[in-house]
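Notes follow once the structure below has been shown.
All chains are named by letter (A, B, ...) in the order of the sequence lines, taking the proteins before the strands, and each is independently numbered beginning at 1.
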Amino acid sequence: MLRFQNTLTNQVEEFRPMREGEVGMYICGPTVWSHAQIGNFRSFVFGDILRRYLEFKGYNVTHVMNITDVEDRIIAFSVEKGLTIDEYTAEYIAALWEDWDALGLKRPTIVPRATQHIAEMVSIIEKLEAHGHAYRSDDSVYYRINSFPEYGKLSKINFAGNIAGASERVDTDRYDKEDARDFALWKGAETPDEPAWDSSLGRGRPGWHIECSAMSTKYLGETFDIHAGGIDLVFPHHENEIAQSEGATGKQFVRYWLHAEHLKVEGETMSKSRGNYYTFRDLRGLGYSPTAIRYYLLSVPYRKQLNFTFEGLRAAETTVERLQDFRKRLKEARVEPGKNEEVHQAMTRALMEFEAGLDDDLNTSVALAALHNLMREVNTALRDYTVLEDNKRELLELLDRFDSVLNVLGHDEAAMLDAEVQALIDERQEARRRRDFARADEIRDQLSAQGITLEDTKDGVRWKRR
RNA sequence: GCACGUGUCGCCAAGUCCGGUCUAAGGCUACGGUCUGCAACACCGUCAUCGCCGGUUCAAAUCCGGCCACGUGCUCCA
């Protein structure tokens, strides 16, 4: 039984989609003002695991992710560079997909962009006005929070304490709002040059929150199953989305709200000012493999803060290599016909534990432990030649199933060596047979210098690139 | 000020919602060993009573109270 911790109810609940076998899921995507950083990717990896596990469970998932391509920073930077919004964001959107694919993330089913859904946003704002949830002030339109008594039901935020205590940070005088909590639905254009759209609301641009209300509803319906994102979005973004969507439709907006915790870097918040801010590209530039990064980001359950350290990333690198080696070793293993009951049982147990872990609010740590335990048992059996033909087939199938969720076991790269290297390996084998170990070690060192590690096994020489 | 998160072996980290199966999963590292011509790989073994104090209970890492430490958020940052 699949269960999720629902931010809305603050409880672990059994997941039951609205329509049997179908899941509509919206995940808040990036604002493309810059390259996405590893914290963003933790959220995306979480979303990917969520989606893949739902598919593992047999659901047909419609996965929608927005790209926010109109926003204050984007406007500021594009103006600075003398580019249009589209020109400015194109580079970052291209980079996003590059990173996305490298990390083994499935592309969302639908990827709506804010700038292409202005009309839908305007339409929701008009509905809100009609229902008394919105008002105009100067050239902008604001949400009237007093008109939505349920405001705060997601974040359970205590306004009395919060706003009062942080009063110096709330600049209530800057805008002519009825209430400090009210937020902009539509921002009137202040200068003739800034990016703006003409609409029934006047010339301007949408507020930040409205795009997600508009686009999720358009593609998933007025009520849908899952809405997920980073924990920082709970307030105000998701709270405001609820106010907007439910204010406009009068129906429940989202049934399950899931939020991923932030990651820390070496125990501290990642921020540019601390100098511990990393994009995915930074890590790749430092030589870390995308799979290790993916493994690391998914190794801690999504609702736990993940303390990102380079030591941890190196550990992930080692672990991923072990896992990938394991699959390869199994694939190459020569086996006798038949089926070993013990190995079969180890496999059944691993599948049970894997599924039980992920069923429990996507506890990836438990799922990985199941995989590691299986690996150890099978490695032992391989060493003893007690893995039989049926076991091997079953095991490879199981690893593929696991990997349909984890996507870290790697694919079979064409194992090609150039003739020269192959000749050296052959020569070394010949030297070993002559017990000319000096020459054999010399060749091994030489290959090692080229990044090729040799492993002598009973069944011949294995090699791998570092 | 208000709200929240975290504190479990050298490091990372599961378990805490629903107390017992937890002298505590798993990973990395270290050390010892098996294997090996030597290595590498793989395997085996060794390494914790769960921040502190008190309480509830037959039973607490898990519940309650207090305290300490670290971190974060408080309107556009995943």
Under 3.5 Å side-chain donor-acceptor pair for A:Ser155 and A:Glu239: yes
Non-neighbouring partners of [X] that pass salt bridge (Lys or Arg N to Asp or Glu O under 4.0 Å), sequence neighbours left out:
X        : answer
A:Asp139 : none
A:Arg42  : none
A:Glu266 : none

Categorize [X] for me: base, sugar-phosphate, or nothing, with a 4.0 angstrom heavy-atom threshold over every strand shown.
X        : answer
A:Leu454 : base
A:Phe437 : base
A:Asp325 : nothing
A:Arg432 : base
A:Leu371 : nothing
A:Gly39  : base
A:Arg439 : nothing
A:Ala369 : base

Under 3.5 Å donor-acceptor, A:Asn391 side chain and A:Leu388 backbone: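 Present.
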From CA spacing to verdict: ring pair (Phe, Tyr, Trp, His ring centres under 6.0 Å), A:Phe280, A:Phe44: CA-CA 12 Å; A:Phe280 174 69; A:Phe44 300 150; over 10 Å; no
Just the atom pairs and distances: protein N or O near nucleotides 13-17 of chain B's N or O, under 3.5 Å.
{"residue": "B:rA13", "atom": "OP1", "partner": "A:Asn307", "partner atom": "N", "Å": "3.4"}
{"residue": "B:rA14", "atom": "OP2", "partner": "A:Lys304", "partner atom": "NZ", "Å": "3.4"}
{"residue": "B:rA14", "atom": "O3'", "partner": "A:Asn363", "partner atom": "ND2", "Å": "3.1"}
{"residue": "B:rG15", "atom": "OP1", "partner": "A:Asn363", "partner atom": "ND2", "Å": "2.9"}
{"residue": "B:rU16", "atom": "O4", "partner": "A:Lys304", "partner atom": "NZ", "Å": "3.1"}

Between [atom2] of [N] and [atom1] of [X], the distance in whole Å:
X        : N      : atom1 : atom2 : result
A:Trp33  : B:rC77 : CH2   : C1'   : 9 Å
A:His238 : B:rG73 : NE2   : C1'   : 16 Å
A:Arg444 : B:rC41 : CZ    : P     : 11 Å
A:Tyr278 : B:rA78 : OH    : C1'   : 18 Å
A:Asn276 : B:rG71 : CG    : P     : 13 Å
A:Glu266 : B:rU6  : CD    : C1'   : 17 Å
A:Glu268 : B:rG7  : CD    : P     : 18 Å
A:Phe310 : B:rG27 : CZ    : C1'   : 19 Å

Donor-acceptor pair (no angle test) under 3.5 Å: A:Asp456 side chain, B:rC35 base: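 Under the 3.5 Å cut-off, the side chain and the base do not form any donor-acceptor pair.
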Polar pair under 3.5 Å, donor/acceptor by atom type, side chain A:Glu455, base B:rA42: no
Whole-Å [atom1] distance, [N] and [M]:
N      : M      : atom1 : value
B:rU23 : B:rC68 : P     : 31 Å
B:rC9  : B:rC53 : P     : 16 Å
B:rC35 : B:rU49 : P     : 34 Å
B:rG71 : B:rG26 : C1'   : 25 Å

Under 4.0 Å protein heavy-atom contact, by nucleotide of nucleotides 43-48 of chain B - B base, S sugar-phosphate only: SS----
B:rG37 OP1/OP2 closer than 4.0 Å to side-chain N/O of A:Arg433: no
Distance below 4.0 Å between A:Thr269 side-chain N/O and B:rU72 OP1 or OP2: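 Indeed, a polar side-chain atom of A:Thr269 lies that close.
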Output field: ring centroids A:Tyr92/A:Phe77 closer than 6.0 Å: no
Sub-6.0 Å ring centroid separation between A:Tyr256 and A:His227: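 No, the ring centres sit 6.0 Å or more apart.
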Among [options], which nucleotide has an atom closest to any side-chain atom of [X]?
X        : options                : result
A:Arg428 : B:rC28, B:rA78, B:rG37 : B:rG37
A:Thr319 : B:rG37, B:rG27, B:rU29 : B:rG27
A:Asn373 : B:rG27, B:rC76, B:rG26 : B:rG26
A:His262 : B:rC28, B:rA78, B:rG5  : B:rA78
A:Pro236 : B:rG27, B:rU75, B:rC38 : B:rU75

CA sep, side-chain torsions, deciding dist, call: A:Leu105, A:Arg294, side chain to side chain contact (heavy atoms under 4.5 Å, CB included): CA-CA 9 Å; A:Leu105 299 166; A:Arg294 176 182 172 93; 3.7 Å; yes
Aromatic ring of A:His372 stacked on base six-ring of B:rG27, 5.5 Å, 30°: no
Sidechain N-carboxylate O distance under 4.0 Å for A:Arg3, A:Asp360: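 Yes, this pair counts.
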Could I get the full list of side-chain hydrogen bond (donor to acceptor under 3.5 Å, both in side chains) partners for [X], not counting sequence neighbours?
X        : answer
A:Thr7   : A:His259
A:Glu332 : A:Arg462
A:Glu246 : A:Lys153
A:Arg376 : A:Asn373

Mutual orientation of the aromatic rings belonging to A:Phe183 and A:Tyr143 [parallel < 30°, tilted 30-60°, perpendicular > 60°]: parallel
Geometric class of the A:His237/A:His209 ring pair [parallel <30°, tilted 30-60°, perpendicular >60°]: tilted
Watson-Crick and G-U pairing of RNA chain B written in dot-bracket, each distance under 3.5 angstrom, with | for inter-strand partners: ((((((((.[[[..)....(.....]]].(((((.......)))))....[[[[[..)....]]]]])))))))....
5'-most by nearest nucleotide on RNA chain B - A:Tyr296 or A:Arg462: A:Tyr296
RNA chain B: 5'-proximal contact among A:Gly29 and A:Phe183 (nearest heavy atom):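 Upstream on the strand: A:Phe183.
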Positions of residues 91-107 of chain A (non-hydrogen atom under 4.0 Å from RNA chain B), listed by number: none
Pairwise salt bridge (Lys or Arg N to Asp or Glu O under 4.0 Å) hits with a residue in residues 303-312 of chain A, at least two apart: A:Arg303-A:Asp361
